[in-house]
2 protein chains.
Amino acid sequence: MSEKKTKNSLQQQMESFEETCRTADLKLTHQRLEIYRELARATDHPSAEVLHKRLQKAMPTLSLDTVYRTLTTFEQYHLVKKVQTVDSQAHFEAQMSQHHHVICDSCKEIMDFHWSSFDGSPLPEDIRQWGAIKNKSVTIHGTCRRCQEVKERKNPA
Amino acid sequence: MSEKKTKNSLQQQMESFEETCRTADLKLTHQRLEIYRELARATDHPSAEVLHKRLQKAMPTLSLDTVYRTLTTFEQYHLVKKVQTVDSQAHFEAQMSQHHHVICDSCKEIMDFHWSSFDGSPLPEDIRQWGAIKNKSVTIHGTCRRCQEVKERKNPA
DNA sequence: CTAAATGCAAAATTTTTGCAGTCCC
DNA sequence: GGGACTGCAAAAATTTTGCATTTAG
């Protein structure tokens with residue numbers, strides 16, 4: 001769960017990103033590299049606005065609309081994914097391999113988790129009739145430990 | 001899957017809606033009744049705007065902001081749910097009992113399905129450590145039969 | 001050099017809010 | 001009758017677009 005990204009895996013991800021861009025004839029601009037790196041480094045599924053804020057320290061001229069445009073382009077080339085939420089802002093992730101989400105309804109943090117036994121198990125029969133299934137994933141809602149503790153401190157049992 | 005709502009179950013749902021409103025001291029206005037009925041009748045998880053359009057035929061003075069405000073109120077009282085999507089518009093459902101979603105990436109239709117064996121099965125151990133889990137649900141992405149056929153007609157194999 | 005990408009400003013889209021009048025209980 | 005609810009209009013929040021300039025390849 002709390003896997004921290006090692007410098008190596010981020011470097012590998014950047015290399016594979018650059019490779020994909022070259023193959024797809026996407027220009028490797030400074031902005032694209034930094035936006036992708038920031039998203040790949042993030043574990044919290046940030047929105048375009050949040051990404052922009054984080055990057056502005058290092059790139060003061062980066063504009064928000066470039067972040068939007070870049071994320072849209074990345075999405076088209078399957079370099080990033082929009083995360084399903086009930087939020088008004090769209091959230092993104094660079095993690096493209098199969099995984100699931102657990103969302104804290106209190107602090108809204110979205111964490112990734114893996115569940116290979118679910119991934120390998122078949123769907124109900126009637127769904128397999130529905131059409132061509134590309135992907136199935138689980139979303140869990142609840143309250144994370146940290147938020148539970150905050151609540152307990154307010155209303156001790 | 002393609003369960004059509006019978007007049008009876010809709011009527012029951014309306015009665016239980018009215019009961020909840022009375023208990024919660026929510027006034028039973030014409031607008032609230034019609035918005036709820038329209039959403040309960042729908043099988044396609046409409047947005048506020050779509051609901052508004054559907055209702056405008058029968059209620060020409062109904063305003064879009066009332067639909068928004070009403071849905072927000074309903075959500076607070078757990079009468080409706082926002083559906084997780086990657087759409088810019090928020091989508092809603094009045095179906096509050098446990099179910100899952102299958103989404104056609106081509107026509108964007110969201111259908112409900114049930115999967116009791118999944119509902120009853122335990123989560124991975126590390127997730128149970130994460131906090132208090134309220135709910136788990138599955139989202140399937142793919143292409144529905146109808147859209148597959150349209151594609152085949154365009155590009156015959 | 002040239003097509004693609006960026007930054008700026010302005011527009012479009014989606015949702016929320018203040019306020020005056022209306023309606024449910 | 002009184003407080004909650006609605007409609008209107010205006011604002012806020014989020015995302016997209018047109019265009020002149022810059023930049024990667």
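Chain naming here is simple, since letters A, B, ... match the order of the sequence lines and numbering starts at 1 in each. Quick caveat, the model's predicted, so the values are computed rather than measured.
Atom P of nucleotide D:dA13 and atom NE2 of A:His91 are separated by 16 Å, given to the nearest angstrom. Taking atom CD of A:Glu75 as the reference point, atom C1' of D:dT16 lies 14 Å away to the nearest angstrom. Atom-to-atom, OH of A:Tyr68 to P of C:dG7 comes out at 15 Å; the value is rounded to the nearest Å. Residue A:Leu55 contributes atom CG, which lies 15 Å from atom C1' of C:dG7 at whole-angstrom precision. Atom CG of A:Leu71 and atom P of D:dT16 are 10 Å apart (whole Å). A straight line from CD of A:Glu34 to P of C:dT6 spans 12 Å, rounded to a whole angstrom. The CG atom of A:Leu28 sits 16 Å away from the P atom of C:dA4 (whole-angstrom rounding). Atom-to-atom, NE2 of B:His30 to P of C:dT22 comes out at 17 Å; the value is rounded to the nearest Å.
Backbone-only engagement by B:Arg32 is indicated by non-hydrogen atom pairs under 4.0 Å involving sugar-phosphate atoms exclusively. Among the protein residues, A:Ser63 comes within range of the nucleic acid bases, having at least one heavy atom under 4.0 Å from a base atom. At the heavy-atom level, B:Ser47 lies nowhere under 4.0 Å from the strands shown. Residue B:Thr73 is classed as having no contact, given no heavy-atom separation below 4.0 Å to the nucleic acid. Within 4.0 Å of B:Ala48, counting heavy atoms only, lies no atom of the nucleic acid at all.
The pair A:Asp105-B:Lys134 meets the salt-bridge criterion, with a side-chain N (NZ, NE, NH1 or NH2) lying under 4.0 Å from an Asp/Glu carboxylate O.
In this model, no side-chain donor or acceptor of B:Asp25 finds a partner on the base of C:dC25 within 3.5 Å. A donor N or O paired with an acceptor N or O is not found under 3.5 Å between the base of D:dG25 and the side-chain atoms of A:Arg22.
Put simply, A:Ser88 has no side-chain N or O that comes within less than 4.0 Å of OP1 or OP2 on C:dT15. A sub-4.0 Å separation between OP1 or OP2 of D:dG7 and a side-chain N or O of B:Thr66 is present. Between B:Gln31 and C:dC24 there is no side-chain N or O to OP1 or OP2 distance below 4.0 Å. Dashed line: the shortest gap from a side-chain N or O of A:Thr29 to OP1 or OP2 of C:dT6 is under 4.0 Å.
Nearest nucleotide to the side chain of A:Arg69, out of C:dG7, C:dT14, D:dC5: C:dG7. With D:dC5, C:dT6, D:dA9 as the candidates, the nucleotide lying closest to the side chain of B:Lys27 is D:dC5. Checking D:dT17, D:dC8, D:dC5 against the side-chain heavy atoms of B:Asp65 singles out D:dC8 as nearest. When distances run from any side-chain atom of B:Gln89 to the nucleotides C:dG7, C:dT14, D:dT6, the shortest one goes to C:dT14.
Under the 4.5 Å side-chain criterion, counting only non-hydrogen atoms from C-beta, A:Phe118 is not in contact with B:Pro124. At least one side-chain heavy atom of A:Glu19 sits under 4.5 Å from a side-chain heavy atom of A:Arg22. Between A:Thr70 and A:Thr29 the shortest side-chain heavy-atom distance does not fall below 4.5 Å.
A distance-only check finds a donor-acceptor pair linking the side chain of B:Arg32 to the backbone of B:Lys27 [under 3.5 Å].
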* Could you go through the side-chain hydrogen bond (donor to acceptor under 3.5 Å, both in side chains) check for A:His101 and B:Gln84 one step at a time? => CA-CA 12 Å; A:His101 288 144; B:Gln84 295 208 165; over 6 Å; no
